[in-house]
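Remember, it's a predicted structure, so these values are computed and weren't measured experimentally.
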Amino acid sequence: MTTYLTTIDGTEYEVELLEDGQVRVNDRIYQVDLEQVNGQLMFSLLVEGYSYEASLTEEEDRLQIVMEGERYSAEVIDEHEKLLREAGSDTHGSGEFTLNAPMPGMVVKVPVQVGDQVTAGDVLVILESMKMQNELKSPRAGRVTAVHVQDGANVEKREAMVVLGPLEEESS
């Protein structure tokens, strides 16, 4: 079963859709009946015997939810997307960054080599996992200082694949 990481107005929730109309939110299980109204983004919910109506609109990468006169802003991602985001996160800013495999898989392509200068968003590795190809991108500008994998290689979760160093300042 897929777990969704949902952030509503800055608060994170782990949501898992279970069988028989049950939904786990963090560590609590709720009995939920959900019906879409007239094929629109309007829903009638029955949660633990209480009735609610909610309308949804999409704005960029967030959902805007109006329920009982209150508006909530929500971002919903699944575990797969979370792993991909974590693989591209950079906690050191301008220091060394190591792109680790977010999940086991096969390296389809490594479009960079040692010495290449990359910018934020450039693809460092294309990884196939669960029959999906995922472009793992650079979180920032830098210079490739090491490539630990090659096309066709199998990798394990957290295995180092590409290392970026800072861009060298050019002397005048």
Side-chain angles (χ1 to χ4, degrees), residues 1-93 97-109 111 118-142 155-159 161-162 164:
M1 294 187 205
T2 303
T3 299
Y4 296 92
L5 301 161
T6 306
T7 305
I8 300 175
D9 293 334
T11 303
E12 290 187 10
Y13 302 92
E14 191 173 281
V15 179
E16 184 176 10
L17 305 177
L18 305 173
E19 295 177 3
D20 300 323
Q22 292 186 324
V23 177
R24 182 182 59 77
V25 179
N26 294 336
D27 294 323
R28 186 160 176 208
I29 295 177
Y30 297 90
Q31 187 65 41
V32 177
D33 184 23
L34 174 74
E35 293 291 327
Q36 190 170 7
V37 178
N38 295 328
Q40 299 184 22
L41 289 177
M42 182 75 128
F43 297 88
S44 174
L45 294 118
L46 190 60
V47 181
E48 298 291 316
Y50 293 95
S51 179
Y52 303 93
E53 283 190 1
S55 66
L56 305 176
T57 56
E58 292 184 65
E59 292 181 9
E60 296 178 20
D61 60 345
R62 301 189 73 75
L63 289 174
Q64 301 304 316
I65 305 164
V66 176
M67 191 164 72
E68 296 192 329
E70 295 287 326
R71 181 182 173 121
Y72 304 93
S73 179
E75 178 186 42
V76 180
I77 62 172
D78 63 16
E79 291 173 306
H80 185 73
E81 177 66 22
K82 180 183 181 218
L83 290 171
L84 291 175
R85 287 183 182 185
E86 287 174 352
S89 67
D90 181 23
T91 58
H92 296 87
F97 166 77
T98 301
L99 174 66
N100 295 315
M103 62 202 77
M106 184 190 75
V107 175
V108 175
K109 184 162 183 61
V118 297
T119 59
D122 285 356
V123 175
L124 300 177
V125 174
I126 299 173
L127 181 68
E128 184 175 297
S129 180
M130 298 182 286
K131 299 181 183 177
M132 294 176 55
Q133 287 193 6
N134 304 285
E135 291 185 340
L136 305 180
K137 298 178 181 181
S138 178
R140 63 171 172 81
V155 294
E156 295 299 322
K157 185 175 181 176
R158 294 187 202 77
E159 185 174 331
M161 297 188 295
V162 175
L164 291 182

Check: For the residue pair Leu127 and Gly105, what are the closest heavy atoms and their distance?
Finding: CD1-C, 3.8 Å

Margin query: With heavy-atom distances below 4.5 Å as the criterion, would you say the side chains of Ile8 and Glu75 are in contact?
Written below: no

Checklist line | Reference residue Ser129; test side-chain contact (heavy atoms from CB on, under 4.5 Å); the match among Met103, Lys157, Met106 | finding: Met103

Margin query: Just so I know, are the side chains of Val23 and Glu16 near enough to count as touching, which here means a heavy-atom distance under 4.5 Å?
Written below: no

Note to self: Using side-chain heavy atoms (C-beta onward) and a distance below 4.5 Å, is Val118 in contact with Leu124?
What the structure shows: yes

Next item on the list: Find out whether Val162 and Ser138 are in side-chain contact, i.e. whether some heavy atom of one side chain is under 4.5 Å from a heavy atom of the other.
Entry: no

Next item on the list: Flag the pair Phe43 / Glu53 as yes when at least one side-chain heavy-atom distance between them is below 4.5 Å, and no otherwise.
Entry: no

Checklist line | Side-chain heavy atoms of Val107 within contact of Val125, under 4.5 Å | finding: yes

Next item on the list: Check whether any side-chain heavy atom of Tyr52 lies under 4.5 Å from a side-chain heavy atom of Glu68, and answer yes or no.
Entry: yes

Next item on the list: Identify the two heavy atoms, one from Ser73 and one from Arg62, that lie closest to each other, and give their separation to 0.1 Å.
Entry: OG-NE, 2.8 Å

Item checked: Minimum heavy-atom distance Gln133-Ile126, with the two atoms named -> OE1-CG2, 3.9 Å

Notebook entry, point to check: Is any NZ, NE, NH1 or NH2 atom of the basic residue among Arg71 and Glu59 found under 4.0 Å from an Asp or Glu carboxylate oxygen of the other?
Noted result: yes

Next item on the list: Considering non-hydrogen atoms only, spot the tightest contact between Leu17 and Tyr4 and give its length.
Entry: CD1-CE1, 4.2 Å

